[in-house]
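To start, the structure under review is shown below, and the notes come after it.
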Amino acid sequence: MKARVHVMLKEGVLDPQGEAIRHALGTLGFSGVEGVRQGKVIELDLAATDRAAAEAEVKAMCEKLLANTVIEQYSVELA
Amino acid sequence: MKAAVITFPGSNCDRDLAGGFEAAGIEVSRVWHKDTELPAGTDIVGIPGGFSFGDYLRCGAIAARSPISSAVLEHAQKGGYVLGICNGFQVLTEFGLLPGVLMRNAGLKFVCRRTALSVSTADSAFTQGWKPGDTVSIPVAHHDGNYTADAETLARLEGEDRVAFRYVDNPNGSMGDIAGILSANRRVLGMMPHPERAIDRAQGGDDGLALFRALAGALAPA
């Protein structure tokens, strides 16, 4: 089973890198970009076959390592 | 008194940190991240600067989950002293021993220069050699030193007098100009500037020596 984890900064946390991307897009002539947030996508190949168990395990991975929940939020997709 | 300095793959200030402790007469053991125990009688653990695990995932994230980490956490929970500098500060926030996070510098650039710091509290083994308001000159060298925490955490740090150092001229966008903070029991210090790079006049200044000397004094057997 494959899992895809999206890690994004929580709303309200200033994202200096996203802001730099927004500026660069403006420089390239893409007007009208009002905000950019940058995050991470982490893909996992899992041996698990039970969907619910896999989801619970990936969430535990997010809490323990993949995301820093002080500033980041995560979501898990299973495929 | 004994210090244990931990080396992770990618640490590059471990030797200098050991030198800082030694300059104050503190005996130093070097510990590899795959070790699972600290040397017997360790009074203080030093977590050095550098780029542990290549800053993969998040700065300090992998180091904080390495084999030695449970021994360091146990040491801190028993009231042992811990000093984390630069990447070491990032590791301490990833451990959860210190609140908040170090985000990418507001200006997005790596900042490498000597900075003026204002000592915010003298109420710790690390800072008791100074008076609050003293200004010291210590180098910084980091890309992710932008101290960020929620309003409640910041208020608690301020209210409990746990900000150890502030930048006089903020180089990275840190909230409250925070350069270093203490744990609630005041025995864990995380700071972005490098006192171990300022222990000899030949390095351009020796203001950092006072931190190691204060520690040696505080931890000397009575």
Side-chain angles (χ1 to χ4, degrees), chain A residues 2-30 33-48 54-78, chain B residues 8 33 52-67 69-70 73 87 89-111 142-154 156-157 170-176 178 181 190:
Chain A
K2 283 188 191 295
R4 183 173 287 172
V5 177
H6 293 258
V7 181
M8 292 295 296
L9 286 173
K10 287 179 180 170
E11 262 180 61
V13 177
L14 200 70
D15 177 6
Q17 294 178 96
E19 201 47 23
I21 293 168
R22 191 180 66 81
H23 273 284
L25 288 172
T27 307
L28 290 172
F30 295 101
V33 180
E34 289 175 353
V36 176
R37 307 284 282 170
Q38 181 187 295
K40 294 183 192 106
V41 177
I42 301 167
E43 291 183 337
L44 307 168
D45 276 320
L46 302 171
E55 186 169 7
E57 192 172 38
V58 174
K59 281 188 175 165
M61 293 177 196
C62 291
E63 291 289 331
K64 284 196 167 166
L65 178 63
L66 301 181
N68 180 340
T69 54
V70 174
I71 47 162
E72 292 171 334
Q73 58 190 8
Y74 60 85
S75 61
V76 178
E77 270 173 45
L78 293 174
Chain B
F8 301 99
H33 75 113
S52 58
F53 296 91
D55 282 348
Y56 290 176
L57 190 63
R58 298 178 303 276
C59 300
I62 312 276
R65 279 81 177 174
S66 63
S69 61
S70 31
L73 281 170
N87 188 221
F89 185 10
Q90 296 162 342
V91 173
L92 290 176
T93 62
E94 285 282 345
F95 269 147
L97 283 175
L98 292 174
V101 292
L102 284 312
M103 294 188 61
R104 179 54 44 104
N105 292 344
L108 299 175
K109 291 204 165 65
F110 192 96
V111 181
H142 60 248
H143 210 161
D144 298 81
N146 180 352
Y147 185 76
T148 303
D150 59 30
E152 193 186 320
T153 303
L154 287 171
R156 196 169 69 241
L157 290 173
N170 191 334
N172 55 29
S174 285
M175 291 178 168
I178 288 174
I181 56 169

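By convention in this document, chain letters (A, B, ...) are assigned in the order of the sequence lines, proteins followed by strands, and residues within each chain are numbered from 1. This one's a predicted model, so the numbers in the text were calculated from it and none came from an experiment.
At a 4.5 Å heavy-atom cutoff, the contact between A/Val13 and chain B is made by side-chain atoms alone. Residue A/Leu9 touches chain B through its side chain alone, counting heavy-atom pairs closer than 4.5 Å. For a residue to count as touching a neighbouring chain, one of its non-hydrogen atoms must lie under 4.5 Å from one of that chain's; by this rule B/Leu108 touches chain A with the side chain only. Both the backbone and the side chain of A/Leu65 come within contact range of chain B, with heavy atoms under 4.5 Å apart.
The two atoms that bring A/Pro16 and B/Ala106 nearest to each other are CB-O, 4.2 Å, heavy atoms only. Here the closest non-hydrogen pair linking A/Leu66 and B/Leu57 is O-CD1, 3.9 Å.
Residues that satisfy the side-chain contact (heavy atoms from CB on, under 4.5 Å) test with A/Leu25, not counting sequence neighbours, are A/Ile21, A/Phe30, A/Val33, A/Val36.
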Just by distance, which donor-acceptor pairs between chain B and chain A come in under 3.5 Å?
from: B/Leu57; atom 1: O; to: A/Lys40; atom 2: NZ; distance (Å): 2.9
from: B/Arg58; atom 1: NH1; to: A/Leu65; atom 2: O; distance (Å): 3.0
from: B/Arg58; atom 1: NH1; to: A/Leu66; atom 2: O; distance (Å): 3.0
from: B/Arg58; atom 1: NH2; to: A/Leu65; atom 2: O; distance (Å): 2.8
from: B/Arg65; atom 1: NE; to: A/Lys64; atom 2: O; distance (Å): 2.8
from: B/Arg65; atom 1: NH2; to: A/Lys64; atom 2: O; distance (Å): 2.7
from: B/Glu94; atom 1: OE2; to: A/Asn68; atom 2: ND2; distance (Å): 3.4

